[in-house]
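I have placed the structure first, in the form of structure tokens, so that the comments after it can refer back to it.
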Amino acid sequence: MTKAEEVANQHPADMAPDFTVPQKWENYTDEEHATWDILYDRQVKLLPGYAEQSFIDGLKLLDLGQGGIPQFERLSDELEKLTGWRIVAVPCLVPDDIFFDHLANRRFPAGNFIRKQDQLDYIQEPDVFHDIFGHVPLLANPVFADYMEAYGKGGLRSLNYDCLKNLAALYWYTVEFGLIKTDEGLRIYGAGIVSSASETRFSLEDPSPNRLEYDLERVMRTDYRIDDFQQSYFVIDSYESLFQSTVDTDFGPLYERLPEMSRFDVDHIESDNEVIHRGTQAYASAGGRFAAE
Ligand code: HBI
Ligand code: FE
């Protein structure tokens with residue numbers, strides 16, 4: 001059995017070979033819609049002054065606060081008019097090749113399930129709140145939308161090389177946990193931050209983490225944490241410069257080189273890195289795990 005077949009065996013009978021399933025919006029319970037509303041209201045109140053403006057604009061443009069879990073068809077029709085992206089429902093994390101293929105074709109795979117109310121701040125797999133609230137508003141930004149497609153295409157191309165870790169790190173430090181410079185100061189745009197109340201504050205305000213200038217190759221060589229707040233965040237100048245970094249990179253030779261290159265630990269600062277804030281790492285040194293809360 002291939003890995004994809006193994007995963008498929010544990011999943012719904014109505015799952016297509018590309019791992020998509022019907023959203024089954026009519027099956028959500030009142031409690032599940034209420035969970036969305038609780039998380040939505042909390043984040044929307046918090047985000048002004050933290051989130052980059054086009055994220056906030058995207059929320060409004062796409063009417064994500066209509067009440068309850070959004071219908072993917074309705075949302076896709078709106079989003080497609082803006083940037084050509086659609087949302088497809090998936091029941092789980094999908095295999096990397098499938099994930100890249102969706103992105104390369106401007107389809108964003110979103111979990112169709114939602115966390116339980118006793119676990120509002122902790123999820124093991126990306127649910128509909130993380131995937132829709134966190135990722136979809138910026139897909140209404142034409143430049144970021146192009147970056148996501150470029151990432152998918154770069155990912156597909158990387159499958160012939162041994163650098164999945166590097167691709168995952170790039171996604172992690174940009175799409176999930178990215179910071180951006182604005183005229184008003186640093187702002188958040190990564191989906192993992194904007195969908196988390198505690199990391200929204202931590203990533204911008206806590207003295208603990210490093211905040212370093214984004215550099216594509218540096219980022220791809222950096223380890224990352226999936227179990228706690230990041231120890232380093234990477235800051236882009238603009239979505240244009242983020243996208244441009246993929247245009248300017250000759251990925252074939254880079255993918256050849258990467259597996260042999262040394263890697264950087266989560267809190268490492270290289271002498272030639274451009275440092276915006278040198279973190280104290282106090283939070284991580286104290287044991288982390290939301291110790292401050
Ligand atoms: N599948 N549904 C889903 N969501 C993700 O964010 C995701 C995935 N599969 C692979 C993956 N992410 C990452 O490991 C890639 O960035 C490499
Ligand atoms: Fe995500």
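Ligands are counted one by one from 1 in listed order, and the atoms in each one are counted from 1 as well.
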Taking atom 17 (C) of ligand 1 as the reference point, the nearest protein heavy atom with its distance: D96 OD1, 3.4 Å
Any side-chain heavy atom of Y171 within less than 4.5 Å of one from M148? yes
Does W172 have its ring centroid less than 6.0 Å away from the ring centroid of F177? yes
Within a distance under 4.0 Å of any heavy atom of F100, pick out the atoms of ligand 1 and give their elements. 17 (C)
Describe, in one word, how the ring planes of F202 and F229 are oriented to each other, choosing from parallel (under 30°), tilted (30 to 60°) and perpendicular (over 60°). parallel
Near Y151 (heavy-atom distance under 4.0 Å), the atoms of ligand 1 are 16 (O), 17 (C)
H130 atom NE2 and E176 atom OE2 as seen from the Fe ion (ligand 2), angle to 10 degrees: 130°
Under 4.0 Å to a heavy atom of Y171 - the qualifying atoms of ligand 1, by number: 16 (O)
Assess the side chains of E31 and H33: does a donor N or O sit below 3.5 Å from an acceptor N or O? no
Sorted by chain and number, sequence neighbours left out, side-chain contact (heavy atoms from CB on, under 4.5 Å) with P253 holds for D250, R257
Examine distances only and state if a side-chain atom of S196 and a backbone atom of I193 form a donor-acceptor pair shorter than 3.5 Å. no
Close aromatic pair by centroid cut-off 6.0 Å: Y50 and Y189: no
For atom 1 (N) of ligand 1, what's the nearest protein heavy-atom neighbour? Residue, atom name and distance, please. V94 N, 3.0 Å
Short check: any N/O/S atom of D131 below 2.8 Å from the Fe ion (ligand 2)? no
Please work out, at 4.0 Å between heavy atoms, whether the side chain, the backbone, both, or neither of F108 comes within that distance of ligand 1. neither
Please classify the W172 to ligand 1 contact at 4.0 Å (heavy-atom distances, strictly less than): side chain, backbone, both or neither. neither
What are the atoms of ligand 1, with element, lying closer than 4.0 Å to any heavy atom of C92? 2 (N)
Just let me know how P95 lines up against ligand 1, side chain, backbone, both or neither, with a heavy-atom cut-off below 4.0 Å. neither
Do the rings of Y147 and F144 sit parallel, tilted or perpendicular, given the 30° and 60° boundaries? tilted
At what distance is the nearest protein heavy atom to atom 5 (C) of ligand 1, and which residue and atom is it? F99 CE1, 3.3 Å
Could you tell me whether a side-chain N or O of D37 sits under 3.5 Å from a main-chain N or O of G67, the two making a donor and an acceptor? no
With heavy atoms of L93 as the reference, note each atom of ligand 1 found under 4.0 Å away. 1 (N), 2 (N), 3 (C), 4 (N), 5 (C), 7 (C), 8 (C)
